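Numbered from 1 within each chain, the chains take letters A, B, ... in sequence-line order. Quick caveat, the model's predicted, so the values are computed rather than measured.
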Amino acid sequence: MKRMWYKVCTEHLNLILFGKSDLTMMRCSLLLFFMLTIASIANAQQAKPVLVLPADAQGVIKYTPEALKVINNKCMSCHTPSSKDEDAKEALIWEETFNYNKKLALLTLDDILESLEKGEMPPKETVQKTPSAALTTAEAVTLKAWVESSLTKLE
Amino acid sequence: MVAVLLVGLQFFRGKAPEVATVHPPADLLGTSQVNAEVGMLLKTACYDCHSNESRYPWYSYIMPFSRFVYKHIEEGRKELNFSDWSSLPLRTQLRKLKDIGKEVEKGTMPLGSYTFVHTDAKLDQEQIKLIKDWTEELSDKLMED
């Protein structure tokens, strides 16, 4: 990426400094410049993984769009395979829950429910650093309702 | 000078978490969910912190040791209390069994600071396996019922 940047920049300089006024060449390099900029920005931003229910999910937990929305907003920075937070991954990886049997579903939902009831998630340190990472009241209510209804269906 | 400090500290001992005078009715050991062997292991290695039947040795009444002891018991009971076992919903029992298996296998439980003093609470590999197997067997059994 950086080498290509360098190449495009030097080509531009050549054109400007040495007056090589090949318009097609100029347009091509401008287009390349534009594309590279977009690519670099996309690359630099660590995109948060998006939880999407796979078509062939074998698990017993049923996800509502509302629950998925909250999970994607507030949980996917840590509870996903690409996260660097090992403790979070040990506790829960959302993608794994798609194939949970009844036993795993029950104990996981119980864990999530306790975390929500005690206000333990997202962790205090995370919220202190990034206040917008906290669950809003509406989100907490939605998620808790989904967990409780999922448990009722399983129990 | 140090003696004065130590005596002074005793006034800040705090309150010892209460101990059950009657055997708790919801206690795990009162159920048929654990055999005598595993029950004995749990009683020796876990019950001081993870039940209402904590035993307080003489030094646990003396500061600064009492601080550690009381804190361990408070937090231990909060995390897992075998005295309340039967009152827990199935999903919580399943979760606790999984956690118990994980913690003893990792060696994070019982606490090193506890087994340093209570050497009989130290779990060897065979005992860890016994407990781990028990957690898995019981959780499977609970799912069947």
Side-chain angles (χ1 to χ4, degrees), chain A residues 58-64 67 71 75 78-79 81 83 85-125 140 142-155, chain B residues 17 26 28 31-34 38 42 46 49-51 71-109 111-112 128 131-145:
Chain A
Q58 301 285 317
V60 302
I61 302 179
K62 302 294 168 219
Y63 294 81
T64 61
I71 295 165
C75 315
C78 301
H79 291 287
S83 155
D85 188 338
E86 295 304 322
D87 291 336
K89 287 193 288 187
E90 203 185 310
L92 171 68
I93 293 178
W94 281 105
E95 288 86 339
E96 288 179 359
T97 65
F98 293 143
N99 293 309
Y100 272 3
N101 59 25
K102 188 172 171 192
K103 179 170 117 177
L104 288 170
L106 279 173
L107 61 89
T108 305
L109 288 168
D110 185 66
D111 202 2
I112 297 168
L113 185 62
E114 191 184 78
S115 303
L116 289 173
E117 284 172 343
K118 290 186 175 171
E120 289 171 343
M121 282 291 141
K124 282 191 176 60
E125 313 84 59
T142 303
L143 204 56
K144 189 161 175 258
W146 169 72
V147 171
E148 284 171 338
S149 124
S150 303
L151 280 168
T152 309
K153 290 193 188 114
L154 288 170
E155 279 169 338
Chain B
L28 171 71
T31 69
S32 57
Q33 292 179 351
V34 60
V38 174
L42 297 177
C46 318
C49 293
H50 290 292
S51 83
K71 192 158 178 273
H72 281 176
I73 293 172
E74 269 164 22
E75 289 177 1
R77 287 179 185 177
K78 208 166 99 174
E79 194 59 41
L80 165 67
N81 193 335
F82 285 113
S83 301
D84 297 333
W85 183 260
S86 302
S87 65
L88 297 174
L90 166 67
R91 49 185 163 89
T92 310
Q93 288 181 342
L94 291 171
R95 176 161 63 100
K96 296 300 173 190
L97 286 168
K98 182 177 165 220
D99 288 344
I100 292 165
K102 198 167 80 176
E103 295 295 317
V104 302
E105 199 174 41
K106 275 193 330 190
T108 43
M109 283 289 153
L111 289 177
I128 290 172
I131 294 177
K132 184 99 207 281
D133 288 346
W134 166 73
T135 63
E136 286 168 358
E137 282 159 16
L138 180 57
S139 63
D140 286 340
K141 184 170 179 290
L142 289 171
M143 285 306 293
E144 281 169 22
D145 297 339

Heavy-atom count around A:E95 CD within 6.0 Å, excluding the residue itself: above 12? yes

Could you look at A:L104 and say if it's the side chain, the backbone, both or neither that has a heavy atom under 4.5 Å from chain B? neither

Looking at A:K144 and A:E148, does any basic side-chain N land under 4.0 Å from a carboxylate oxygen? yes

Hey, is B:K71 close enough to B:E75 for a salt bridge, meaning N to O under 4.0 Å? yes

Basic-acidic side-chain contact under 4.0 Å: A:E86, A:K89: yes

Which class fits the ring pair A:W146 and A:W94: parallel under 30°, tilted 30 to 60°, perpendicular over 60°? tilted

Proximal to chain A - members of residues 83-94 of chain B, heavy-atom separation under 4.5 Å: B:L90, B:R91, B:T92, B:L94

Polar side-chain atom of A:K102 near backbone of A:E155 as donor-acceptor pair, under 3.5 Å: no

Could you tell me whether B:K106 atom NZ has more than 12 heavy atoms of other residues or ligands within 6.0 Å of it? yes

Turns out that what part of A:L109 lies under 4.5 Å from chain B's heavy atoms comes down to neither

